[in-house]
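Since the structure comes first, as C-alpha cells, the remarks are kept for the end.
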Amino acid sequence: MAVYSHSQLSMYEECPRKYKLYYRDKIRPDTEAIELFLGSRVHEALKKCYDDLKFMKVCSLEELLAYYRNIWHRNWHPAVVVSRTDLTAEHYKARGEELIKKFYRRNSPFNTDLTIGTEMKLDFSLDDSGKYKMLGYVDRLSRLPDGTFAINDYKTSVNLPTQQAADGDRQLGLYHIGVQRKWPNAQNIRLVWHYLDFETELVSERTPQAISALIQSTKRLIDIIEADTVFSPRESASCEWCEYLDICPRTKHGFMVRELPLEEYLSEPGVVLVNKYAELKAEARRIDEEIDRIKEKLVDYAKNNDAEVIKGNGYKVSVTFSEKLKFPGKRDEGRDELEGIIRGAGKWDEVSTLDTHALQDVLEEGTWKQDLLDEIREYGELEQSSSVRLSKLREEDIGELE
Ligand code: SF4
C-alpha cells in the first residue's frame with residue numbers, strides 16, 4: 001500500500017482524477033502559483049529563525065528580512081504565476097515581508113518553548129500492522145516548559161478559519177498521531193496554527209476519542225483510494241485553478257477551443273455536434289410536449305364518447321383505463337411499517353429483489369470486505385456504455401468564448 005499524506009488525501013477528496021494525475025501518473029504542473037511560492041519562502045525564513053536559535057543566535061528582524069529577500073530572488077523562476085491582474089509579484093513579496101514582521105514582533109525573542117525540530121518529518125502507521133502508512137512534515141515541533149508538545153503550523157492565508165474548523169482539522173490531527181507514535185510518553189500535545197496575517201494563534205487539542213475517530217475515518221478513505229480504479233473527475237469551483245485543464249476529460253475540449261477565433265470555433269467538429277444536438281433536443285422537447293397535449297385530448301375524447309379505440313387514417317389509438325394500488329416508495333412515510341408487516345409474515349423473500357444499483361455503489365466505494373467484493377465481482381459482466389447529457393454553459397464560460 002502507498003504512503004499517504006494529508007495533502008494526498010485532500011486532493012483525492014477534492015477530485016480523484018487530479019489526485020491520479022499528480023500522485024499516480026506523476027504529471028507535475030509546469031507553473032507555480034505565487035501564493036504557494038510566497039508561502040514556501042515565508043516558511044523557509046521562519047525555519048531559519050528557529051534553526052539559528054539552536055546555536056543561541058537570535059536573528060534580528062533585519063537579518064531575517066534580508067534572508068527572505070535573498071531566497072525570494074534565488075528561487076524565483078519564470079513559471080511563477082500571478083493570477084490576479086491587479087497585483088504584481090512585488091505586492092506578494094511585500095506581503096511576505098509584512099507577515100514575517102508581524103510574526104517577529106509577536107514572538108521575539110522566541111524563548112517561550114524549546115524547538116525540537118523544524119520541517120520535521122513524521123512517518124508513522126495508523127495501525128499496528130503498518131498497513132496504513134502516513135507521512136507529514138511539521139513546520140515546527142516544540143516543547144513547552146510544562147512538557148507539552150506543540151505542533152506549530154504557519155499559515156500565510158488571507159482567511160482566518162473558525163475554532164470549529166481548527167478542532168476538526170485533519171492535518172494536524174494526523175501529526176498528533178505521528179508525535180504520539182514517536183514519543184509514546186508524551187502526555188499533552190497541543191496543535192497550534194499561527195495565522196501570520198491576523199497575528200493570531202488558533203489552538204486545539206484532541207481527545208483520545210477524537211484521535212480514534214480520525215484513525216478510523218482516515219483508514220476508510222485510504223481503503224476507498226486503494227480500491228479506486230477509475231478516479232473520476234469531480235468538477236467543482238476549484239477546477240478554475242486546476243493545472244490539468246488541458247488533459248482532464250471534463251475540461252480539455254473547452255481548453256482546446258477557448259483561444260480559437262469565432263469562425264474556427266463555430267466550425268470545430270465538437271462544437272458543431274453539440275450545437276446540432278442542442279437544436280434537436282429542443283425540437284424533441286417541443287414535440288414531446290405536443291404529444292402529451294394530444295394524449296390528454298385523446299383521453300378526454302375517449303371518456304366523453306365512451307370509446308376505447310379511436311380510428312385515424314391508417315392508424316388507431318387504444319385508450320385503456322385502469323386502477324392500481326400505489327405503495328409508499330423507499331423514503332415515503334409508511335414504508336418501514338409496510339416492510340415490517342411483510343417481514344413479520346415471513347413473506348419478504350417472495351417480494352424483495354436485489355438492488356443491483358446499490359450493489360454497484362458498494363463495489364465502487366469498496367466499503368465491504370475485500371474477499372466478499374472479489375467474490376461478487378465474479379458475477380458481474382463488464383459492459384461498455386456511454387451517456388450523453390446536455391446542459392447549459394455558465395455565464396462566465398459563455399463570456400470566455402465571445
Ligand atoms: S479540471 Fe476539475 S475535474 Fe478536471 S482534474 Fe482538475 S479539478 Fe478535477
Side-chain angles (χ1 to χ4, degrees), residues 2-40 77 79-85 135-136 155-159 161 165 168-171 174 217-218 220-260 265 268-271 273-275 277-278 360-361 363-367 384-402:
V3 179
Y4 287 90
S5 68
H6 164 75
S7 313
Q8 286 186 49
L9 301 179
S10 296
M11 194 182 283
Y12 182 85
E13 286 169 321
E14 181 194 330
C15 172
R17 179 59 58 96
K18 187 173 175 181
Y19 162 85
K20 177 178 180 288
L21 292 169
Y22 191 90
Y23 288 107
R24 297 280 173 99
D25 303 343
K26 307 222 179 298
I27 301 173
R28 293 293 142 94
D30 44 18
T31 57
E32 182 180 7
I34 193 149
E35 290 81 2
L36 291 180
F37 182 84
L38 160 70
S40 302
H77 57 94
V80 178
V81 178
V82 183
S83 325
R84 282 187 57 172
T85 48
L135 175 68
K155 294 289 186 195
T156 54
S157 134
V158 292
N159 299 311
D169 180 87
R170 181 176 58 207
Q171 182 178 19
L174 289 171
S217 63
T218 309
R220 262 199 309 276
L221 179 56
I222 292 175
D223 284 339
I224 290 173
I225 300 176
E226 289 285 325
D228 198 341
T229 51
V230 181
F231 298 97
S232 300
R234 184 174 298 145
E235 269 187 286
S236 70
S238 64
C239 290
E240 210 178 312
W241 298 281
C242 180
E243 297 87 355
Y244 300 116
L245 293 175
D246 57 333
I247 48 176
C248 166
R250 306 289 305 179
T251 53
K252 69 191 289 187
H253 182 256
F255 185 87
M256 191 175 92
V257 298
R258 71 179 182 181
E259 302 292 346
L260 292 180
Y265 170 75
E268 194 277 333
V271 175
L273 285 170
V274 171
N275 289 347
Y277 186 69
Q360 264 160 359
D361 289 345
L363 285 172
E364 269 168 34
E365 286 159 15
T367 41
Q384 298 285 347
S385 71
S386 57
S387 75
V388 176
R389 190 170 57 87
L390 186 71
S391 58
K392 278 206 150 97
L393 283 177
R394 296 172 310 160
E395 292 277 321
E396 46 280 30
D397 294 334
I398 295 169
E400 233 173 60
L401 298 171
E402 283 169 354

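Atoms within a ligand are numbered from 1 in the order they appear, just like the ligands themselves.
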Under 2.8 Å from atom 2 (Fe) of ligand 1, the protein N, O or S atoms found are Cys239 SG
Taking all non-hydrogen atoms of both residues into account, name the closest pair between Cys239 and Leu245 and its distance.
O-CD2, 3.4 Å
Taking all atoms of both residues into account, what is the closest heavy-atom pair of Arg17 and Pro233, and its distance?
CB-CA, 3.5 Å
Contact list for residues 20-40, test ring pair (Phe, Tyr, Trp, His ring centres under 6.0 Å), sequence neighbours left out
Tyr19-Tyr23, Phe37-Trp72, Phe37-Trp76
Whether over 12 other heavy atoms sit under 6.0 Å from Arg170 CZ
yes
Measure the CD-OG1 distance between Glu364 and Thr229 for me, rounded to the nearest 0.5 Å.
8.5 Å
Interatomic spacing from CZ in Arg28 to CG in Leu21 - rounded to 0.5 Å:
11.0 Å
